[in-house]
Peer 1: 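Mind having a look at this structure? Questions to follow.
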Amino acid sequence: MAKIIAGVATSHIPAVGAALDLGKTEEPYWQPVFKGYEKAKEWFKETKPDAIILIYNDHASAFSLEMIPTFAIGCADQFAPADEGWGPRPVPVVHGYPELAWHIAQSTILDEFDMTIINKMDVDHGLTVPLSLMFGQPTEWPCKVIPLAVNVVQYPPPTGNRCYNLGKAIQRAVESFESNERIVIMGTGGMSHQLQGPRAGFINSAFDKAFLDGLTQDPDALAKISHLTYVQEAGSEGIELVMWLIMRGALNQDLKEVHRHYHVPASNTAVGHIILENV
Amino acid sequence: MAKIIAGVATSHIPAVGAALDLGKTEEPYWQPVFKGYEKAKEWFKETKPDAIILIYNDHASAFSLEMIPTFAIGCADQFAPADEGWGPRPVPVVHGYPELAWHIAQSTILDEFDMTIINKMDVDHGLTVPLSLMFGQPTEWPCKVIPLAVNVVQYPPPTGNRCYNLGKAIQRAVESFESNERIVIMGTGGMSHQLQGPRAGFINSAFDKAFLDGLTQDPDALAKISHLTYVQEAGSEGIELVMWLIMRGALNQDLKEVHRHYHVPASNTAVGHIILENV
Amino acid sequence: MENYYDAFKKIPGTVIFDATQSRLGYHLNMFAMSLMKNENRQAFKADEVAYLNRFPMSPVQHQAVLDRDYNKMIGLGGNIYFLAKIGATDGHSFQKLASLMTGMPEDDYRNMMIQGGRNPTMPIGPVEK
Amino acid sequence: MENYYDAFKKIPGTVIFDATQSRLGYHLNMFAMSLMKNENRQAFKADEVAYLNRFPMSPVQHQAVLDRDYNKMIGLGGNIYFLAKIGATDGHSFQKLASLMTGMPEDDYRNMMIQGGRNPTMPIGPVEK
Ligand SMILES: [Fe+3]
Ligand SMILES: [Fe+3]
């Protein structure tokens, strides 16, 4: 049976992708952002997972207003980087894992999650920036990636509780997949930030730190945070943190926090990153 | 508050649409099929609902294999009849009810159903044939229609239990909509039939009659029927009956059966139809 | 998924459109669905081989379409709701397709249906008269 | 939905992209998303008015795009993730858009962020230096 061995969360800021792609990582502004990801790079080299389940949100790239899925799992062989208005990022095509992706789709649907199955999709910075942070600039990504997109653009997004429970269903699905593979689940987006209107630039470090603490200490409490609280306390785009709850739900009760990184700012956003290993 | 006043279920056979569109309803083959819908036509004329929530499945018309939503609710202003390979059916455009459709989408998502919101969609025979059976051949459909499409093409479809519970969530949603409107919910598809392979033509009248009885007598038991049982006992396309459970879930515990019609065959299918009023 | 799908395999004459079939039949089904546009139907009718070559399906899938062998198409990942667009393009009813798949003459199939259909005690395939 | 959304309305300087906004901004957002294709970006840059006329948006939405008035676009149903494609087409960063929406010079906005961002006790809009 396959196993989820760890969860990794990180912000997925487009400007971070641009800084990487344009070779600015050593600039004083960016240096402290990227320094916090050195550990993750080493950790992935040692851990060598067979695949990553990458929870992210599409930012009006693959999904327009014509059709807005709440949860969409990518079952295709590959996913090309999206053109978000300045040409696609110069990163490798993402190779999927159709066998496991379909297995998770089937298992979660029978578990009464109403998934949308996707067989053709481009992936935007929400998915590719976390890969760049974990793996730098390789010519191929080192492992298969299953994209799982969560609607946080059109209100209402799924509740935190629903996300947390989807994570649990994903863990059950992976553990019923016949293989000995070791899987990492990633939750992306956040932490506190607001990109819109006169309140843009909103940051709440206290909220973010409590959220990072809660991942190990009391995830059930995190799952109860309302949409309103996210927007009030973490900014309108802080709502993306519900995606971290899917990652958390897919992990064991007992975890070891291996690494944590928090820095303000990257562009408009508080950068948060954590590595949690199942014990 | 709006109210669901009744549920109407019916098969949605494409050949029935063709018979109607080609003026064959009085032919000996078709006469007993259409006779059973006279009551529904009268009933709708008397009942005059403000809107219909129409549960159906898309038959590879609006949704290809690129993107397969489990539950998709149509929130657009209108929906054109699809071209299923012989040109669109000569029936009116379907006028939606965006305010109520969005309300149901929002309410069910917050109720932890993972809906896909649709703002652009053509509708196939699964939706238009039931309207033709209820309303004949008018120049405009007499009321607004909210399409709710359920995946029964790609396995696995949602469980019967999930469908039944979605119905309950839809009832809660309608009852929290600020208006005094009276809504009818329709469940379509079925009854027993198989369209594929050497077993095509499969019909099981005993199963169908028990299912019709169960709608009033023991819907909880119907909600427990497995996918396997549907395919074994009602044929591979008999699985469409899960959509009747959404309708049933949206009704009160206590119902009055106002009308029932059952006839074999229409083309490859057992025609089933029932009208259930909330008491 | 093994446990869930295994039981379906015991149902005769029936193919469940699961992940395996869906992946196998992706381009076959996408071809069939393309026939929802009249211009595509005309192009297909004008030159079936040329039109089929637009879709990266396997040679056996390609041939099964040319042969209108629906059972074979289903075995190769076709789904009946997609394949019905081929039938519609040919001007065939769903009942015609069903008779083809059962290997029964259309009148025999139609009569079987009028007599109540293939009931659960009857064998699959052509029904004895 | 009244109860759910009412509370969000009390958050200053923030518009929730709910059903009302989504319906209002449908064509505005679909226009913005069309800029994901290079040929469309070129067409838009070559003649903004002509390109905008392809989309049935309201005159005020049309004008707000020409003015690059992002706050106005948001009020008229635009969603920032869609509108970001307009910014990208103009070669502007997300931080540039944010500074525009706050009414702050870009350097001031950037400095506010470097100093920890707009913390929960700070007022919305331009920050006093
Ligand atoms: Fe994001
Ligand atoms: Fe159907």
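Every chain is numbered from 1, with letters handed out A, B, ... down the list of sequences. Just so it is clear, the model here is predicted, and its values are computed rather than measured.
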Peer 1: So which part of C:A32 gets closer than 4.5 Å to some heavy atom of chain B, the side chain, the backbone, both or neither?
Peer 2: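 Neither the backbone nor the side chain of C:A32 comes within 4.5 Å of chain B.
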Peer 1: Checking heavy atoms, do the side chain of C:M33, its backbone, both or neither come under 4.5 Å from chain B?
Peer 2: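 When you check distances to chain B, only side chain atoms of C:M33 fall under 4.5 Å.
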Peer 1: Answer with side chain, backbone, both or neither: which region of C:L35 has an atom nearer than 4.5 Å to a non-hydrogen atom of chain B?
Peer 2: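 Only the backbone of C:L35 comes within 4.5 Å of chain B.
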Peer 1: Between chain C and chain B, which N and O donor-acceptor pairs fall under 3.5 Å? A table would be great.
Peer 2:
from	atom 1	to	atom 2	distance (Å)
C:Y4	OH	B:H227	ND1	2.5
C:G13	O	B:Q194	NE2	3.4
C:T14	OG1	B:Q194	NE2	2.9
C:V15	N	B:Q196	OE1	3.1
C:V15	O	B:Q196	NE2	2.8
C:F17	O	B:Q154	NE2	3.0
C:F17	O	B:Y155	N	2.9
C:D18	O	B:Q154	NE2	3.4
C:S22	OG	B:Q154	OE1	2.6
C:R41	NE	B:G85	O	3.3
C:R41	NH1	B:D83	OD1	3.1
C:R41	NH1	B:D83	OD2	3.3
C:R41	NH2	B:D83	OD2	2.9
C:Y81	OH	B:E240	OE2	2.9
C:K85	NZ	B:H59	O	2.6
C:K85	NZ	B:A60	O	3.1
C:Q95	NE2	B:S267	O	3.2
C:Y109	OH	B:G201	N	3.3
C:Y109	OH	B:N268	OD1	2.5
C:R118	N	B:G201	O	2.8
C:R118	O	B:I203	N	3.0
C:R118	NE	B:R199	O	3.3
C:R118	NE	B:A200	O	2.9
C:R118	NH2	B:P198	O	3.3
C:R118	NH2	B:A200	O	2.9
C:G125	N	B:P198	O	3.0

Peer 1: Looking only at non-hydrogen atoms, find the nearest pair between B:V153 and C:F82 and report the distance.
Peer 2: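 That closest heavy-atom pairing would be CG1-CE1, 4.1 Å.
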Peer 1: Looking at every heavy atom in both B:A60 and C:M36, which two are closest together, and how far apart are they?
Peer 2: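 That would be O-SD, 3.7 Å.
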Peer 1: Could you look at B:P88 and say if it's the side chain, the backbone, both or neither that has a heavy atom under 4.5 Å from chain C?
Peer 2: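 For B:P88, neither part sits under 4.5 Å from chain C.
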Peer 1: Which atom pair, heavy atoms only, marks the closest approach of C:I11 to B:L228?
Peer 2: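 Smallest interatomic distance, heavy atoms only, reads CD1-CD1, 4.0 Å.
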Peer 1: Do you know which of B:L65, B:I239, B:V264, B:V231 has the most heavy-atom pairs with chain C at a distance under 4.5 angstrom?
Peer 2: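 Going by pairs under 4.5 Å, I would pick B:L65.
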Peer 1: By a 4.5 Å heavy-atom criterion (distance strictly below it), what part of C:M113 contacts chain B: side chain, backbone, both, or neither?
Peer 2: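 For C:M113, backbone and side chain are both near chain B.
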Peer 1: Would you name the heavy atoms of B:A200 and C:A98 that are closest together and state the gap between them?
Peer 2: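 Scanning both residues, the minimum pair turns out to be CB-CB, 4.0 Å.
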